[in-house]
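For reference, the structure is listed below as structure tokens.
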Amino acid sequence: MRMTVLASGSKGNATVIAAGSTRILVDAGMSCRELMKRMAQVGEDPEALDAILITHEHLDHVSGLSVLARRFNIPVFFTEGTHRAWVRMLTPRTTMSYAKWLDTVQREKAERADHAPAHTALMTEIDPGAVDDPMEAEPCADETPKIKADPAFLPAVEYFRAGHGFSIGEIDVNPFTIPHDAADPCGFVFHARSESIRMAIATDLGYVPPNVKMALRGVDVLLLESNHDLEMLKDGPYPWSVKQRVLSRVGHLSNAACAEFLLRDYDGGAHTIVLGHLSEQNNLPELAKLAAEQAIGGRMTLLGNRVVLAVQDTPLEPICL
Ligand SMILES: [Zn+2]
Ligand SMILES: [Zn+2]
């Protein structure tokens with residue numbers, strides 16, 4: 001089983017989980033082009049992806065989603081709440097029902113087509129890929145006007161619910177609720193059935209509630225948020241309201257809260273702990289690593305409890321078990 005963190009942080013998140021012939025992408029928070037580039041760097045093939053799983057609808061987790069999913073015809077798994085929030089985010093007329101909005105878009109498009117050249121009509125449609133990355137071009141560009149008309153179009157959507165496990169190919173997926181200011185945010189535990197190995201992802205959480213502590217028992221690889229140093233955040237450049245949001249129970253996990261979990265609740269059985277979603281403004285890699293390593297203390301050995309840092313700019317070397 002393999003975990004490859006392609007990116008982690010407020011500018012974009014994406015991780016590939018692989019077991020046997022199954023490939024799952026968790027979050028697609030960079031442009032399709034950047035995701036493809038990073039997958040190529042670590043030897044992952046986007047054509048081989050069986051599914052994209054979305055933790056929550058914040059832009060740093062979904063910005064390349066629709067373009068990537070359409071380009072490679074990949075089914076996307078959301079909770080219903082996250083899917084609805086994502087559709088609303090891409091839909092300018094929030095008071096309309098989705099069906100009504102789609103109807104209106106199609107009608108307006110037909111009207112414009114009567115008065116303007118076809119390419120002008122297309123340019124006025126919302127393309128989330130283009131909004132995300134103005135440089136987004138050929139390899140990922142959508143081709144058909146039909147798809148252009150609906151920014152929330154996906155080749156296939158599957159719903160899951162936190163607390164209800166499901167399978168994708170050779171991987172069992174167990175989603176769990178996390179406390180974060182999104183519609184229905186989730187973390188995941190992945191279990192490669194044939195190898196009895198577990199890998200978990202828990203980022204974007206304000207604190208570690210009992211259900212998350214339970215979910216993270218017995219994992220072999222844990223990607224855990226270590227977002228900010230409390231002092232750096234308090235003294236840092238963010239406006240007070242943003243600081244309050246980050247610090248809140250539905251914000252992000254501090255180095256101290258991450259260390260507290262590792263010290264008091266973590267069972268010590270992981271091969272690797274990956275610290276992720278580090279703030280570039282309010283954290284230093286050394287501080288995050290030091291806090292986690294001190295918390296793990298004597299339990300760190302050559303074969304277990306290795307602490308590594310996931311970063312924003314480059315993919316992390318694949319963790320293979
Ligand atoms: Zn995030
Ligand atoms: Zn978030």
Side-chain angles (χ1 to χ4, degrees), residues 3-17 25-31 34-35 38 52-66 68 76-90 128 131-133 160 162 175-188 200-209 211-212 215 222-229 232-233 236 238-239 241-255 257-258 261 274-283 285 288 309-316:
M3 176 192 281
T4 309
V5 182
L6 300 175
S8 187
S10 59
K11 291 189 189 134
N13 295 273
T15 299
V16 179
I17 301 289
L25 182 69
V26 183
D27 289 335
M30 287 170 293
S31 70
E34 186 63 25
L35 286 164
R38 294 194 183 205
I52 303 173
L53 260 63
I54 298 301
T55 58
H56 64 296
E57 72 277 14
H58 288 164
L59 207 58
D60 58 320
H61 298 259
V62 297
S63 61
L65 172 62
S66 50
L68 183 80
V76 184
F77 290 67
F78 303 86
T79 67
E80 189 174 355
T82 298
H83 183 239
R84 281 175 179 272
W86 178 75
V87 170
R88 264 200 309 276
M89 200 169 82
L90 298 180
V131 171
D132 163 50
D133 180 359
F160 63 81
F176 53 89
T177 296
I178 51 172
H180 190 54
D181 55 358
D184 189 14
C186 286
F188 298 108
I201 295 180
T203 68
D204 298 73
L205 63 171
Y207 70 106
V208 187
N211 78 303
V212 175
L222 170 59
L223 168 54
L224 182 64
E225 174 162 52
S226 193
N227 180 262
H228 55 274
D229 175 78
M232 283 182 75
L233 178 70
Y238 284 5
S241 59
V242 179
K243 288 182 186 180
Q244 287 290 85
R245 192 224 134 210
V246 173
L247 285 166
S248 79
R249 299 274 277 180
V250 288
H252 289 276
L253 207 62
S254 67
N255 294 347
C258 175
F261 165 79
V274 186
L275 303 178
H277 219 298
L278 268 71
S279 166
E280 292 181 330
Q281 294 277 354
N282 305 306
N283 209 349
L309 293 164
V311 293
Q312 185 74 87
D313 301 329
T314 50
L316 195 63

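Note that the numbering runs from 1 along the sequence shown for the chain. Only a predicted model underlies this, so the values are computations on that prediction, with no experimental measurement involved. Counting starts at 1 for both ligands and their atoms, in listed order.
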Do Asn255 and Ser226 pair up side chain to side chain, a donor and an acceptor below 3.5 Å, judged on atom types alone? yes
From the options His252, His277, His180, select the one residue that forms a ring pair (Phe, Tyr, Trp, His ring centres under 6.0 Å) with His58. His180
Tell me every residue that passes salt bridge (charged side-chain N to carboxylate O under 4.0 Å, His left out) with Arg249, counting only those two or more places apart in sequence or in another chain. none
Report, as yes or no, whether the 6.0 Å neighbourhood of atom CZ on Arg84 holds more than 12 heavy atoms from other residues, nucleotides or ligands. no
One thing to verify: whether Lys11 and Glu280 come together as a salt bridge, which I'm taking to mean a side-chain N less than 4.0 angstrom from a carboxylate O. yes
In terms of ring plane angle, is the pair Phe78 and His83 parallel, tilted or perpendicular, where the classes change at 30° and 60°? tilted
Is any protein N, O or S atom closer than 2.8 Å to the Zn ion (ligand 2), and if so, which? His56 NE2, His58 ND1, His180 NE2, Asp204 OD2
